[in-house]
Amino acid sequence: HEGFLFRKHELDGPNKKASNRSWVNLYCVLSKGDLGFYKDAKGQATGSTHSSEPFLNLHHSTSEVANDYKKKKNVFKLKTSDGSEFLLQAKDEVGVYRGLGVVMEI
Ligand code: I3P
């Protein structure tokens, strides 16, 4: 599973606001339960993630449609087991449900 999504990092841990809160368009690659965020598809080939972030382990993570986020359409929320939270914007509603389905499979 891979493709571009806009991402906003909301929480960096339980009730801990992330410091970099701007929306960025990132190339997302999910492999064996680990999600990597890259600048583009070439970034994946070089192995360097966006801002050298570690992979996000999606084991025990949850996702839901971000109905409480009104500023953008087609946004879903990803919550990881360590309390991090991301908003992810897909290009359309189909993309949202594809994203939710992918997280549910893990
Ligand atoms: C953030 C940026 C985000 C905004 C966020 C800002 O500033 O404007 O778009 O979130 O607001 O902190 P910067 O780019 O300087 O980091 P929204 O788009 O959701 O408003 P927030 O801190 O209230 O989440």
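All figures in this text were calculated on a predicted structure; none of them were measured in a lab. In listed order, ligands and their atoms are each counted from 1.
No more than 12 heavy atoms of other residues, nucleotides or ligands shown are found within 6.0 angstrom of CD on Glu93.
Within the 3.5 Å criterion, the main-chain N or O of Leu87 finds no donor-acceptor partner in the side chain of Arg7.
The closest protein non-hydrogen atom to atom 1 (C) of ligand 1 is Arg21 O, 4.0 Å. Protein heavy atom in closest approach to atom 20 (O) of ligand 1: Lys71 NZ, 2.5 Å. Distance from atom 13 (P) of ligand 1 to its nearest protein heavy atom, with residue and atom name: Ser22 CB, 4.1 Å. The closest protein non-hydrogen atom to atom 9 (O) of ligand 1 is Trp23 CD1, 3.8 Å.
By the definition of a contact as any protein heavy atom under 4.0 Å away, atom 22 (O) of ligand 1 is in contact. Contact annotation for atom 15 (O) of ligand 1: protein absent (non-hydrogen atoms, distance under 4.0 Å).
Side-chain contact between Ser22 and Asn20 is present, with at least one heavy-atom pair separated by less than 4.5 Å. Under the 4.5 Å side-chain criterion, counting only non-hydrogen atoms from C-beta, Leu26 is in contact with His50.
Within the structure, the side-chain hydrogen bond (donor to acceptor under 3.5 Å, both in side chains) test picks out the following pairs touching residues 56-66 (sequence neighbours left out): Asp34-Asn57.
Trp23 has its ring centre no less than 6.0 Å from the ring centre of Phe86.
Within ligand 1, the atoms closer than 4.0 Å to a non-hydrogen atom of Lys8 are 10 (O), 17 (P), 19 (O), 21 (P), 24 (O), numbered from 1 in the order shown. Shown in contact with Tyr69 at under 4.0 Å from a heavy atom are these atoms of ligand 1, numbered in order with element: 17 (P), 18 (O), 19 (O).
No part of Lys17 comes within 4.0 Å of ligand 1, judged by heavy-atom distances.
Among the candidates Phe4, Tyr38, Phe37, the single residue satisfying the ring-ring contact (aromatic ring centres under 6.0 Å, His included) test with Tyr27 is Phe4.
Considering both main-chain and side-chain atoms, Asn20 never comes within under 3.5 Å of ligand 1 through any nitrogen or oxygen pair.
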